[in-house]
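First comes the structure, then the notes that go with it.
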Amino acid sequence: MGKNTEIADIFDKIADALEFKGDLVFKVNAYRKAARVLREYSGDITSIHPSEIEGIGKGMAEKIEEYLKTGRIKKYEEVISDIPEGLLELLNIPNLGPKTLQLLYKELGVKNITDLERVIDEGKIAHLPGMGEKKEENIKKGLLLYRAGKSRIPLSMALKVVREVIKPLSSVSESISPAGSLRRMKETIGDIDILATAEKLDDIINTFVRQPYVKDIIAKGDTKASVRTSYEDLQVDLRVVEKDSWGAALLYFTGSKAHNIKLRGIAKERGLKISEYGVFKGTKRIAGRTEQEVYKTLGIPWIPPEIREDRGEIEAAMKGELPVLIEQKDIKGDLHVHSHYSDGIDDIETIVVAAKKMGYEYIGICDHSKTSKIAGGLDEDTLKRRNEEIDSVQEKIKGIKILKGMEVDILSDGSLDYSDSVMEELDFVIAAVHQGFAKNVTERMKSAMNNPFVDIIAHPTGRLLSGREGYKINIEEVMMYAAKKGVALEINASYDRLDLNDVNIIKAKNYGVMFIIGTDAHRIDMLGDIELGLGTARRGWLEKKDVLNTYRWDNIPLRRRKG
DNA sequence: GCCGTTTTCGGCCCGACTGTTTTCAGTCG
């Protein structure tokens, strides 16, 4: 874990503690904001003065320096000194906020989750001032959810669910769109947000809560309903608005929260007020039908949802320096597809036909090398046979170039799984770590990059969204070396990887790294995962020129061609 | 605690829904 993250975690804990104690909301927010910007900061915190970062002032900067020097922050130790360990953890329980927790602690002596369970069982909460039967019931429900460990689901699954959820609502809606973190293509999704509009607003709400996928109605009002669905217990929030508010509501509901807060702050400075109903001058609505209209009142162009994270996009928009983000139509081919020669399902012809159908100009067949035995890695003879088959399929199918690639293992001593003479015969090589995750990975990757036939490093951090931590690696060092050597880093689009992720992409781009977006498809229906990789690349501010597989094959700036 | 093209003091995004309330606090997003 980097220093940035360590300090961010402490700031978040300070915020929890202060909130619990009933300190000023603005102070609490200041700590939360500092934690967020620190966590996402793309530079080296030790090489600048922290207060240069927006959201970090004198006080925070002092605490950061204190931590870098001594490894601790006194303020943190002070604020938690009189709070029992494990108490603040209870703030993660839905429907249980700081005020209620403070009440339970003071009046009933609740110090941990066991205590909380006990006072619920004994029915003690309902008798407290401001509490009642229903509040107690809601806390009980929240505790069950918390126990179930309701975690975030992968973007790919959320995209599938949202299509199912929207289907039956389309006929009663005039417009309907996913919003929230799903529209921003975040790698994992907490709950699904949907915005809709129609002549009769309550029709949509009523249709929605009656769907067979609704397991439990959490809340239902005139303009908003929340339900728990039978899809993995996923929560779906539906909000309906008048047509004139569509753009303002879509903006508001898409977030991120930090992006909205900044926009609203800027509006306020100019005597305007932005809400989900529109932009207001006094009581007069001056915009709101489209997102473009809302941004325009602030004098800035429309900002793509994927970068609405308050990571400098609003400032860039004001200066007219928004990136022109990469799009699906820019992708000329997929360079990371496995065939049945290793651990893929489909034969080469099937893959090529599918790739052609996607409109690609080329497709890179990219199997595992010999050491990856479990994944059916190819020895030199099998590789030769595979390449001959590629030649014969190429004879048969025109209009798409089939490339001979390999995902070559980086071995535990940093050497590569094939000799140079084998790799030289290939169109391109992706080098990858598949074993020894804790063994000198940084050095091994650098050593692999010293080989002139290595064009790309696959899934550079090795993390899996489903929980695997990834390599023990200094990723900044790898980025710098990749930039120096002209080796591209992969944005692996496989639903469980999305590696590099958004923040690392921004960092790598700043170092001058080039990228590929590869699906790592093991069957042809996974070629569509390119959508996930594109979303991630866009979240990383990438433009067409940053990504190798947007170039035509004859002028793709591969390392081996640059000499 | 942060911040400043009205401000170094006095602001700090805005609203829906729920449950407890005779006018509002808490939680959530």
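Chain naming here is simple, since letters A, B, ... match the order of the sequence lines and numbering starts at 1 in each.
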- Message: Before you tell me yes or no, could you show the steps for A:Y105 and A:F20 under ring-ring contact (aromatic ring centres under 6.0 Å, His included), namely the whole-Å CA-CA distance, both residues' side-chain angles and the distance that decides it to 0.1 Å?
- Response: CA-CA 10 Å; A:Y105 171 61; A:F20 172 72; 5.7 Å; yes
- Message: Using whole Å, what does the distance between atom P of nucleotide B:dC13 and atom NZ of A:K262 come to?
- Response: 12 Å
- Task: Would you kindly give the CG-to-C1' distance between A:L298 and B:dT5, to the nearest whole Å?
- Result: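 That distance rounds to 16 Å.
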Run the salt-bridge test on [X] and [Y] with the 4.0 Å N-O cut-off and return the result as yes or no.
X      : Y      : value
A:E66  : A:K74  : no
A:E40  : A:R311 : yes
A:D191 : A:R152 : no

- Task: Going 5' to 3' through nucleotides 24-29 of chain B, assign each nucleotide B (protein heavy atom under 4.0 Å from a base atom), S (under 4.0 Å only from sugar-phosphate atoms) or - (no protein heavy atom that close).
- Result: --SSSB
- Verify, without hydrogens or angle tests, whether A:E313 (side chain) and A:E309 (backbone) share a donor-acceptor contact under 3.5 angstrom.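 Confirmed, A:E313 side chain pairs with A:E309 backbone.
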Applying a 4.0 Å non-hydrogen cut-off, can you work out what [X] is touching in the nucleic acid: base, sugar-phosphate, or nothing?
X      : value
A:E269 : base
A:D222 : sugar-phosphate
A:G180 : nothing

- Any A:N138 side-chain nitrogen or oxygen under 4.0 Å from OP1 or OP2 of B:dG19: yes
- Query: When you compare B:dT27 with B:dT21, how far apart are their P atoms, in angstrom units rounded to a whole number?
  - Reply: 15 Å
